[in-house]
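Here the structure is laid out as structure tokens; the discussion comes afterwards.
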Amino acid sequence: QVQLVESGGGLVQAGGSLRLSCAATGNIFSINAMGWYRQAPGKQRDVVARATSGGSTNYADSVKGRFTISRDNAKNMVYLQMNSLKPEDTAIYYCKADGLYSSDSSYLKNYWGQGTKVTVSA
């Protein structure tokens, strides 16, 4: 059974750094894209960064130059290095796998992790 498990969230002061990790487990054959999304209280869930299996990346304007996404395709993992954190980065961060092909299904599916909380204090 495919699962996405995030780790690395926590409490940090403004200007600090955190590194989030997400592991996709199960009998996985391939993943088209992996990304990070976040949802602040009372707001919708928005994309933060996304990386394709081919190496392309894209970022939300609000995190460009501060956050870096990276993937380890062999390990089905994705990371988010977050530097120069701001209080407005406070949110629950979710990992998502798009177009995941596994033994669980005969077609591609999308999966979400359970989320990890990031709190940035002023």
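Note that the structure is predicted; figures quoted are calculated from it, not measured.
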* Say whether, by atom type as modelled, one donor and one acceptor occur between the side chain of Tyr59 and the main chain of Ile69 under 3.5 angstrom. => yes
* To do: Indicate the ring-plane relationship of Tyr93 and Phe67, choosing parallel, tilted or perpendicular according to the 30° and 60° boundaries.
  => tilted
* Is there a donor-acceptor pair under 3.5 Å between the side chain of Thr57 and the backbone N or O of Ala51? -> no
* Structure fact -> Taking every heavy atom of Met77 against every heavy atom of Ser21, the minimum-distance pair comes out as CE-CB, 4.3 Å
* Applying side chain to side chain contact (heavy atoms under 4.5 Å, CB included), run through Met82 and Trp36 and close with a yes or a no. => CA-CA 11 Å; Met82 305 186 294; Trp36 291 94; over 6 Å; no
* Asked: Can we say Lys64 and Asp61 salt-bridge, meaning some charged N sits less than 4.0 Å from an Asp/Glu carboxylate O?
  -> yes
* **Where Ala91 and Ala40 come nearest, the two heavy atoms and their spacing** => CB-N, 3.8 Å
* **Full working for side chain to side chain contact (heavy atoms under 4.5 Å, CB included) between Leu20 and Glu6** => CA-CA 7 Å; Leu20 305 183; Glu6 302 103 330; over 6 Å; no
* Asked: Got a salt bridge between Lys109 and Asp104, using NZ or NE/NH1/NH2 to carboxylate O under 4.0 Å?
  -> no
* Asked: Honestly curious: do Val2 and Tyr94 fall in one hydrophobic cluster under the side-chain, below-4.5 Å linking rule?
  -> no
* Shortest non-hydrogen contact from Leu108 to Tyr101? -> CD2-CB, 3.4 Å
* Could you check if a side-chain atom of Tyr111 sits within less than 4.5 angstrom of a side-chain atom of Gln3, using non-hydrogen atoms only? => no
* **Greater than 12 external heavy atoms within 6.0 Å of Gln1's CD** => no
* Stepwise side chain to side chain contact (heavy atoms under 4.5 Å, CB included) test for Arg38 and Val118 -> CA-CA 9 Å; Arg38 67 186 180 187; Val118 172; over 6 Å; no
* Arg19 backbone acceptor or donor facing Gln81 side chain under 3.5 Å -> no
* Is it the case that one hydrophobic cluster holds both Val63 and Val12, taking links as side-chain heavy atoms less than 4.5 Å apart, direct or via other members? -> yes
* Distance-minimising heavy-atom pair for Ala24 and Leu4 -> CB-CD1, 3.9 Å
* Mind checking the OG1-CG spacing from Thr52 to Asp98? Nearest 0.5 Å is all I need. => 11.0 Å
* Structure fact -> Taken to the nearest 0.5 Å, the spacing of Ile92 CD1 from Thr116 OG1 works out to 9.0 Å
* Structure fact -> Distance col, row Ile31:CD1 vs Asn110:CG, nearest 0.5 angstrom, shows 11.0 Å
* **Distance-only donor-acceptor check, side chains Asn27 and Ser102, under 3.5 Å** => no
* Asked: Same cluster or not: are Ile28 and Val78 linked, directly or through other Ile, Leu, Val, Met, Phe, Trp or Tyr residues, by side-chain heavy atoms under 4.5 angstrom apart?
  -> yes
* Which atom of Ala60 lies closest to which atom of Val47, heavy atoms considered -> CB-O, 3.5 Å
* To do: Specify the closest pair of heavy atoms between Cys22 and Met34, including all atoms of both residues, with the distance to one decimal.
  => SG-CE, 4.4 Å
